[in-house]
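Step one of this worksheet: look at the structure below.
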Protein chains: 2
Amino acid sequence: MIDLHSGVPRHRQLADVLRARIVAGDHPPGTLLPSETRLSQEYEVGRGTVRRAVGILRAEGLVDVASGRGTRVRSRAPELEELIGEPDQLVTARMPTPEERARWQMPEGVPVLVVRQPDGLMDVYPADEYGVRIPRG
Amino acid sequence: MIDLHSGVPRHRQLADVLRARIVAGDHPPGTLLPSETRLSQEYEVGRGTVRRAVGILRAEGLVDVASGRGTRVRSRAPELEELIGEPDQLVTARMPTPEERARWQMPEGVPVLVVRQPDGLMDVYPADEYGVRIPRG
DNA sequence: TATAATTTGTGCGTATGTATA
DNA sequence: TTATACATACGCACAAATTAT
């Protein structure tokens with residue numbers, strides 16, 4: 001599975017393998033991945049390498065990691081609450097600041113939608129729960 | 001600066017300190033941060049701790065790290081190319097897949113805008129370069 | 001209630017490789 | 001070529017959170 005001489009870092013290789021297994025349904029949403037120690041034995045890499053690989057999946061929003069409990073495959077695509085856009089607003093996105101993440105208790109790997117009014121005021125919404133609908137004329 | 005007995009992990013404390021210094025303009029965009037070794041001496045933590053702290057800032061898109069060159073504070077580029085939204089489109093955001101990041105050569109810590117058409121088709125744009133403008137009726 | 005086992009979190013030291021100046 | 005700096009990887013130890021006994 002992991003090629004030590006491919007030039008590709010092992011933690012990226014492992015992240016690719018785990019991601020593939022997740023999207024292939026091998027690890028269904030809601031289930032736990034094997035523990036870090038188990039994975040390090042299974043793929044014959046150090047635990048630190050496993051943690052970096054899992055960290056990648058976490059940053060991508062694929063899994064949720066909790067101390068003492070394990071690494072759980074995140075359930076995909078919950079219903080988005082629709083915000084109705086208003087003319088001349090500009091919608092973009094970025095990663096939240098630590099304060100914003102704390103305020104809305106956002107999981108890792110989830111961006112925020114930034115809706116900027118013509119007058120410069122901005123509203124911010126977690127992108128895993130909100131979407132902006134373009135209104136009909 | 002770093003409190004060993006606060007309960008807050010040192011690499012998080014250091015990330016907070018560095019982030020604060022960056023946003024305060026102490027380390028202007030385009031400049032290099034002190035080297036990892038220098039930071040580890042300055043804040044009296046291990047180099048691994050420094051790397052984890054910098055890794056946080058990198059995931060947030062605040063800095064760009066290059067081997068042999070150093071850690072550079074990323075220039076904020078609020079110059080967004082505007083896409084004109086069309087009625088009934090739904091705009092949201094998520095983190096890019098590795099393929100999407102490679103395709104557009106996106107830096108870390110940058111989400112993608114997802115524009116979903118009424119028929120289900122989706123367009124994806126890097127959120128650091130694009131925004132969606134809500135058209136007037 | 002208390003204890004142990006499991007699992008993730010943190011931190012250190014070390015080694016080797018690679019890129020840049 | 002040499003020095004500097006970052007990248008990857010391993011191993012070890014201990015702490016903290018959770019779950020099982």
Side-chain angles (χ1 to χ4, degrees), chain A residues 1-18 27 30-74 98 101-102 105 107-109, chain B residues 1-18 27 30-59 61-74 98 101-102 107-109:
Chain A
M1 273 313 205
I2 306 290
D3 182 359
L4 284 76
H5 308 295
S6 70
V8 180
R10 283 172 241 188
H11 63 272
R12 288 196 193 279
Q13 294 186 51
L14 180 53
D16 291 341
V17 169
L18 294 177
H27 296 292
T31 63
L32 290 175
L33 289 188
S35 76
E36 296 173 352
T37 312
R38 186 84 184 78
L39 288 173
S40 79
Q41 294 164 347
E42 202 165 316
Y43 292 95
E44 294 177 308
V45 295
R47 192 185 148 215
T49 302
V50 172
R51 284 183 59 74
R52 292 192 66 175
V54 172
I56 291 175
L57 304 185
R58 180 153 65 152
E60 293 173 1
L62 263 180
V63 298
D64 241 339
V65 182
S67 176
R69 201 163 44 212
T71 301
R72 195 174 297 275
V73 179
R74 191 176 289 170
R101 277 199 47 208
Q105 306 203 329
E108 293 190 67
Chain B
M1 273 314 206
I2 307 287
D3 182 359
L4 285 76
H5 309 295
S6 71
V8 180
R10 283 174 241 188
H11 64 273
R12 287 194 194 280
Q13 292 188 52
L14 180 54
D16 292 341
V17 170
L18 294 177
H27 295 293
T31 64
L32 289 175
L33 290 188
S35 75
E36 295 176 348
T37 314
R38 186 82 185 79
L39 288 173
S40 78
Q41 294 163 347
E42 201 165 316
Y43 293 96
E44 296 177 307
V45 295
R47 193 185 144 219
T49 303
V50 172
R51 283 184 57 71
R52 295 184 67 175
V54 172
I56 291 176
L57 304 185
R58 180 152 69 149
L62 264 180
V63 299
D64 242 339
V65 181
S67 180
R69 199 168 46 214
T71 301
R72 193 175 298 276
V73 179
R74 188 175 290 169
R101 274 199 50 207
E108 294 190 67

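None of the values given here were measured: they were computed from a predicted structure.
Classification of Asp64(A) and Arg72(A) as a salt-bridged pair fails, no side-chain N sitting under 4.0 Å from a carboxylate O.
By the 4.5 Å heavy-atom criterion applied to side chains, Pro34(A) and His27(A) are counted as neighbours. Counting heavy atoms from C-beta outward, Val8(A) and Asp3(A) have side chains that stay 4.5 Å or more apart. Under the 4.5 Å side-chain criterion, counting only non-hydrogen atoms from C-beta, Leu33(A) is in contact with Val73(A). Annotation: side chain of Leu18(B) is in contact with side chain of Leu39(B) (closest heavy-atom distance under 4.5 Å).
The salt bridge (charged side-chain N to carboxylate O under 4.0 Å, His left out) test applied to Arg101(B) returns no partner, not counting sequence neighbours. For Arg47(A), the salt bridge (charged side-chain N to carboxylate O under 4.0 Å, His left out) partners two or more places apart in sequence, or in a different chain, are Glu36(A).
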Treat primed atoms plus P, OP1 and OP2 as sugar-phosphate and everything else as base, then score nucleotides 15-21 of chain C 5' to 3': B for base contact with protein heavy atoms under 4.0 Å, S for sugar-phosphate contact only, - for none.
---BBS-
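Within the shown strands, dC14(D) is the pairing partner of dG9(C) under the Watson-Crick or G-U definition, both distances less than 3.5 Å. Pairing partner, dT1(D): none, since no Watson-Crick or wobble contact has both distances short of 3.5 Å.
Taking CG of Asp16(B) as the reference point, atom CD1 of Ile56(B) lies at 7.5 Å (rounded to 0.5 Å). Interatomic distance, OG1 of Thr49(B) versus CZ of Arg12(B), reported as 12.5 Å (0.5 Å rounding). The distance from atom CZ of Arg10(A) to atom CD1 of Ile2(A), rounded to the nearest 0.5 Å, is 9.0 Å. How far CG of Leu57(B) is from OG1 of Thr71(B): 9.0 Å, rounded to the nearest 0.5 Å.
In this structure, Thr37(A) does not reach the dT6(C) phosphate: none of its side-chain N or O atoms is under 4.0 Å from OP1 or OP2.
Gly48(B) comes within 4.0 angstrom of nothing in the nucleic acid, heavy atoms only.
When the shell of 6.0 Å around CD of Glu44(A) is examined, it contains 12 or fewer heavy atoms from other residues, nucleotides or ligands.
Less than 4.0 Å separates DNA chain D from at least one heavy atom of each of the following residues of residues 10-17 of chain A: Arg10(A), His11(A). Residues from residues 50-66 of chain A that place a heavy atom under 4.0 Å from any atom of DNA chain D, listed by number: Arg52(A).
On the nucleic acid side, DNA chain D contacts chain A at distances under 4.0 Å to non-hydrogen atoms, with the end points of that region at dT8(D) to dT19(D).
Closest approach of Arg58(B) and Val65(B) over heavy atoms only: CD-CG2, 3.9 Å.
Positionally, the nearest nucleotide of DNA chain D for Leu33(B) lies more toward the 5' end than for the other of Thr49(A) and Leu33(B).
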